[in-house]
Amino acid sequence: MTHEPIAVIGEALVDIVEGGETHPGGSPMNIAVGLARLGHPTVLHTRIGSDPHGDAVRAHLDAAGVELGPGTVVPGRTSTATARLDAEGKAEYDFDIDWDIAVPDIAGARAVHTGSIGALREPGAAAVLAALGAAGSDTLRTLDPNIRPDVIGERDEVLRRVVELTALCPVVKLSDEDAAWLVPGAPLEEVLAGLADRGARFVVATRGAEGCLALVDGTWFARPARPVAVADTIGAGDAFMSGLLHALLRDGTDRLLVAGDPLPEDAVRAALDTALASAALTVARAGANPPTLTELDAADRASRE
């Protein structure tokens, strides 16, 4: 397991499910929790208000072992997302977001992840881009755009920001829905190839029950999803991302990425399978509840037996 900290930059909020139930959430926050549960020292750079929702978010992060970056807690309210679940347990959200942060100091981080509203919505998006641009050459940068069209701003500006971030991040993860928004009507393979052309070496798209499709240094990889009874899909993509980053760190593949060295195909497949196992464990239970290291290791072992 890694000893150097992993930095995550992006929104932390409270998911309010129809009916009044609340859960701490936000894609970057979920990923930070996922990484910490998998044994990685993790620092979350975000904005949390000094209200009861903020208290709940901080308690959730503390329970997972996530450290908060300086200046994270501010006076005022905590951002919220009201989730509506359809008959298949799929969530749609209405957001109330406050996102204005200083440029985080991520010096010494082995990896830095960003994405979603925090990476794409101004004014905080400019601080995210500056932090990634200032990261050391030996820091792995990863991106999950996790597109939320209603709250991220004008389309042309968002597309420009995705291109800028992709040029900085060797690893880019997106969903098939993200791909459809980025390039409407285009085949998924075309969208992934376009991101690879922008500079990403390891581009992967999740496809729900169909698993994932990845383009890594010009080679295609398709991996099947794990069979699972779905409780809901809240946090599924985030658990995939934390599982993916965990596997890259676990196997030392992150060092190959930052060095520009070739990636063994078995390491790519192992990373994707671990990410899919993490997602499967999460959709089997309610809310954004990523697995612990013990749970994920057991699922990985079972898949190989």
Side-chain angles (χ1 to χ4, degrees), residues 6-13 25-35 42-48 57 66 68-69 71-72 79 81 93 95-106 109 111-135 139-175 177-183 191-192 194-195 198-206 235 237-242 244-245 288:
I6 310 305
V8 179
I9 313 172
E11 73 272 11
L13 48 79
S27 174
M29 192 214 70
N30 292 338
I31 290 167
V33 168
L35 288 167
T42 305
V43 181
L44 176 63
H45 299 272
T46 189
R47 179 185 177 94
I48 300 171
V57 170
V66 176
L68 292 177
T72 287
S79 299
Y93 297 91
F95 292 93
D96 181 9
I97 300 293
D98 187 359
W99 180 243
D100 186 3
I101 63 169
V103 178
D105 180 4
I106 57 172
V112 56
H113 173 80
T114 192
S116 199
I117 299 164
L120 301 175
R121 178 186 170 112
E122 295 294 4
V128 173
L129 184 66
L132 264 65
T139 299
L140 178 67
R141 303 167 180 88
T142 69
L143 170 68
D144 176 2
N146 194 36
I147 302 293
R148 304 299 188 189
D150 293 341
V151 291
I152 53 178
E154 294 295 327
R155 179 181 177 83
D156 287 349
E157 176 63 21
V158 172
L159 291 173
R160 183 181 66 82
R161 184 71 71 187
V162 170
V163 168
E164 289 177 329
L165 290 166
T166 299
L168 291 172
C169 295
V171 179
V172 177
K173 174 262 171 192
L174 67 161
S175 68
E177 292 178 344
D178 295 333
W181 187 89
L182 289 169
V183 190
V191 181
L192 297 187
L195 292 171
R198 299 291 186 178
R201 292 186 57 193
F202 192 127
V203 188
V204 56
T206 56
D238 303 329
F240 181 98
M241 185 69 232
S242 57
L244 177 65
L245 186 48

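Computed from a prediction, not measured in an experiment: that's the story for all the values here.
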Atom CZ of R141 and atom CG of L168: how far apart are they, to the nearest 0.5 Å?
6.0 Å
Quick check: do L129 and L165 have side-chain heavy atoms less than 4.5 Å from each other?
yes
Does D96 have any salt bridge (charged side-chain N to carboxylate O under 4.0 Å, His left out) partners at least two apart in sequence or in another chain, and if so, which?
R77
So, using side chain to side chain donor-acceptor pair (under 3.5 Å) as the criterion, who are the partners of S79 when residues are at least two apart?
none
Partner set under salt bridge (charged side-chain N to carboxylate O under 4.0 Å, His left out) for D98, not counting sequence neighbours
R47
Rounded distance [0.5 Å steps], OG in S27 versus CE in M241
9.5 Å
What is the minimum heavy-atom distance between P145 and L120, and which atoms define it?
O-CD1, 3.6 Å
Donor-acceptor pair, distance only, cut-off 3.5 Å: does the side chain of D178 make one with the backbone of I147?
yes
Can you find a pair of side-chain heavy atoms, one from I6 and one from H113, that are under 4.5 Å apart?
no
Looking at I9 and A131, what are the two nearest heavy atoms and their distance?
CD1-CB, 3.9 Å
Nearest 0.5 Å, what's the CG-CG distance between L35 and N30?
11.0 Å
Would you name the heavy atoms of P170 and L140 that are closest together and state the gap between them?
CG-CD1, 4.1 Å
Might you work through the side chain to side chain contact (heavy atoms under 4.5 Å, CB included) test for V204 and F240, ending with a clear yes or no?
CA-CA 10 Å; V204 56; F240 181 98; 3.9 Å; yes
Shortest non-hydrogen contact from L13 to A81?
CD1-CB, 3.9 Å
Heavy-atom count around R198 CZ within 6.0 Å, excluding the residue itself: above 12?
no
Please list all pairs passing the salt bridge (Lys or Arg N to Asp or Glu O under 4.0 Å) test where one or both residues lie in residues 117-133, with sequence neighbours left out.
E122-R161
Could you grab the distance from atom CG of L132 to atom CD1 of I106, nearest 0.5 Å is fine?
5.5 Å
Does R155 qualify as a cation-pi partner of W181, given the criterion of NZ or CZ under 6.0 Å from the six-membered ring centre and within 45 degrees of its axis?
yes
Assess whether side chain to side chain contact (heavy atoms under 4.5 Å, CB included) is satisfied between L182 and L159, documenting all intermediate values.
CA-CA 7 Å; L182 289 169; L159 291 173; 3.7 Å; yes
Closest non-hydrogen atom pair between A12 and V57, with its separation
CB-CG1, 4.1 Å
Across all chains, not counting sequence neighbours, the salt bridge (charged side-chain N to carboxylate O under 4.0 Å, His left out) partners of D238 are none
Using salt bridge (charged side-chain N to carboxylate O under 4.0 Å, His left out) as the criterion, list what pairs up with R160, not counting sequence neighbours.
E157, E164
Can you measure from CD1 (I152) to CZ (F95) and round to the nearest 0.5 angstrom?
10.0 Å
Check L245, L143, L244 against V171 for a side-chain contact (heavy atoms from CB on, under 4.5 Å) and give me the one that passes.
L244
Side chain T139, main chain A109, donor-acceptor under 3.5 Å:
yes
D144 versus L174, closest heavy-atom pair with distance:
OD1-CA, 4.2 Å
Here the gap from E11 atom CD to N146 atom CG, rounded to the nearest 0.5 Å, amounts to 7.5 Å
